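Notes for the one structure printed next.
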2 protein chains.
Amino acid sequence: MAKHPSHLESHLGYWLRMVSNAVSREYARKVEGQGVTVAEWVLLRALYEVVTAPPSALAERMGMTRGAITKLANRLVAKSLVSRVQNPLDGRGQTLALTPSGKALVPRLARIADHNDAGFFDALPRADRDQLERILRTLARLNHVTDIPVD
Amino acid sequence: MAKHPSHLESHLGYWLRMVSNAVSREYARKVEGQGVTVAEWVLLRALYEVVTAPPSALAERMGMTRGAITKLANRLVAKSLVSRVQNPLDGRGQTLALTPSGKALVPRLARIADHNDAGFFDALPRADRDQLERILRTLARLNHVTDIPVD
DNA sequence: TATTGTTATACTCTATAACTATA
DNA sequence: TATAGTTATAGAGTATAACAATA
């Protein structure tokens, strides 16, 4: 027997958001001391994977507009974590890359993410964690959520 | 064999955020026509479940500050979706509740959420969807993400 | 004094649209 | 004209801290 009106039955997206927000908020708190935000971490991580990319490619990959990337990149350049150099072959193009300190920071942020994940997910049985990761990656792929490591 | 440096191995929280953001962004787009935002939907849904609540209780339940609830509630009161009345027993207290139009709106928003979910999750086998919901609810409970229907 | 709620302030995140420079 | 990127503007979301009224 359903315990709720049918229209409040499931809402996977709602639960996803609740849990995701909690995890991200806690991560934000933990990396505050490293001087970066969650959005910055996402950009740094993406850039770590592709090594160099024009803003437009990151926008595509991260599902954001170019304007949003510009703003994020500006902050990261100001923090000397990202470099922006002009494409010599096309006067319009810019190339973003991690600076040495940016490259050094990513593994530290990743370690913090691992610890943060542990705090939230270690209470789950290992099988559930594996399931969850598999399902999330499947969803990302099926729905063209694009920051997917190319294995 | 690991295909990535160990520090970019998993990051469940990262994937959670990627997928959740995609789902929420699409939902936001769909309910724009109803004149509400995602955060407003969360408050409306919470209020639908508890019927009436002081701002402090919603803040607790939704994991937000009282100030943030005030701001959200102000917008919803301006839209005549929520009412705010003084607690007659305690001059400090306020009680929030859905107005008739608020009450009528929630099922419509819920239906939109269902359709939105379908677009993202129907590509998964039924078993995976059930797993995902179970795991998310478990995580919400274990980590005191508090907007949990009391069954 | 402690508590409830609001207000003031500030910052991140993100989008849209206009603009600039180059192709 | 079309494209890459930046800038301008705006609004949502949220937090912290100060404040007012009440207990």
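Heavy-atom basis, side chains included; hydrogens, waters and symmetry copies ignored. All figures in this text were calculated on a predicted structure; none of them were measured in a lab. Within every chain, numbering begins at 1; the chains are lettered A, B, ... in the order of the sequence lines, protein sequences first and strands thereafter.
Shown here for A/S24 and A/V38, the closest heavy-atom pair between the two residues is O-CG2, 3.8 Å.
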- Task: Just do the salt bridge (Lys or Arg N to Asp or Glu O under 4.0 Å) check on A/D130 and A/R134 with the steps written out, would you?
- Result: CA-CA 6 Å; A/D130 292 347; A/R134 181 183 60 74; over 6 Å; no
- Step-by-step side chain to side chain contact (heavy atoms under 4.5 Å, CB included) determination, B/M18 to A/L139: CA-CA 10 Å; B/M18 286 289 176; A/L139 284 170; over 6 Å; no
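Each of B/N74 and A/R75 has a nearest nucleotide on DNA chain C; the 5'-most of these lies closest to B/N74. If you find the closest nucleotide of DNA chain D to A/R25 and to A/G93, the one lying nearer the 5' end belongs to A/G93.
B/D90 comes within contact range of the sugar-phosphate backbone alone, with a heavy-atom separation under 4.0 Å but no base atom that close.
The distance from atom OG1 of B/T70 to atom CE of B/M64, rounded to the nearest 0.5 Å, is 9.5 Å.
Here D/dG13 presents its C1' atom at 11 Å from CE of B/M62, a figure rounded to the nearest Å. Between the CD1 atom of B/I69 and the P atom of C/dT7 there is a distance of 15 Å, given to the nearest Å. Distance CD (B/Q94) to C1' (D/dT22): 12 Å, rounded to an integer number of Å. Put simply, CH2 on B/W41 is 14 Å from P on D/dG13, counting in whole angstrom units. If you take CD of A/E40 and P of C/dT14, they are 11 Å apart, rounded to a whole angstrom. Rounded to a whole Å, the CD atom of B/E26 is 15 Å from the C1' atom of C/dA15. Following rounding to the nearest Å, A/L96 (CG) and D/dA4 (P) show an atom-to-atom distance of 14 Å. Straight-line distance from the CG atom of B/L43 to the C1' atom of D/dT14: 14 Å, rounded to whole Å.
For the OP1/OP2 pair of D/dT3 and a distance below 4.0 Å, the side-chain nitrogens and oxygens of A/S56 include no atom meeting the criterion. Close to C/dT7, at under 4.0 Å from its OP1 or OP2, lies no side-chain N or O of B/T70.
Within the 3.5 Å criterion, the main-chain N or O of B/S80 finds a donor-acceptor partner in the side chain of B/S101. B/R129 contributes a side-chain N or O that, together with a main-chain N or O of B/L124, makes up a donor-acceptor pair within less than 3.5 Å.
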Restricting both atoms to N or O, compile the protein contacts to nucleotides 16-21 of chain D shorter than 3.5 Å, with distance only.
none

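Between B/L132 and A/W15, every side-chain heavy-atom pair lies at or beyond the 4.5 Å cut-off.
Using a 4.0 Å cut-off between charged nitrogen and carboxylate oxygen, B/E26 and B/R29 count as a salt-bridge pair.
Contacts of residues 29-37 of chain A with DNA chain D (heavy atom under 4.0 Å): none.
Of the candidates B/L76, B/N74, B/L72, B/V82 forms a side-chain contact (heavy atoms from CB on, under 4.5 Å) with just one, namely B/L76.
A donor-acceptor contact under 3.5 Å is formed by the side chain of A/K71 with the base of C/dT14.
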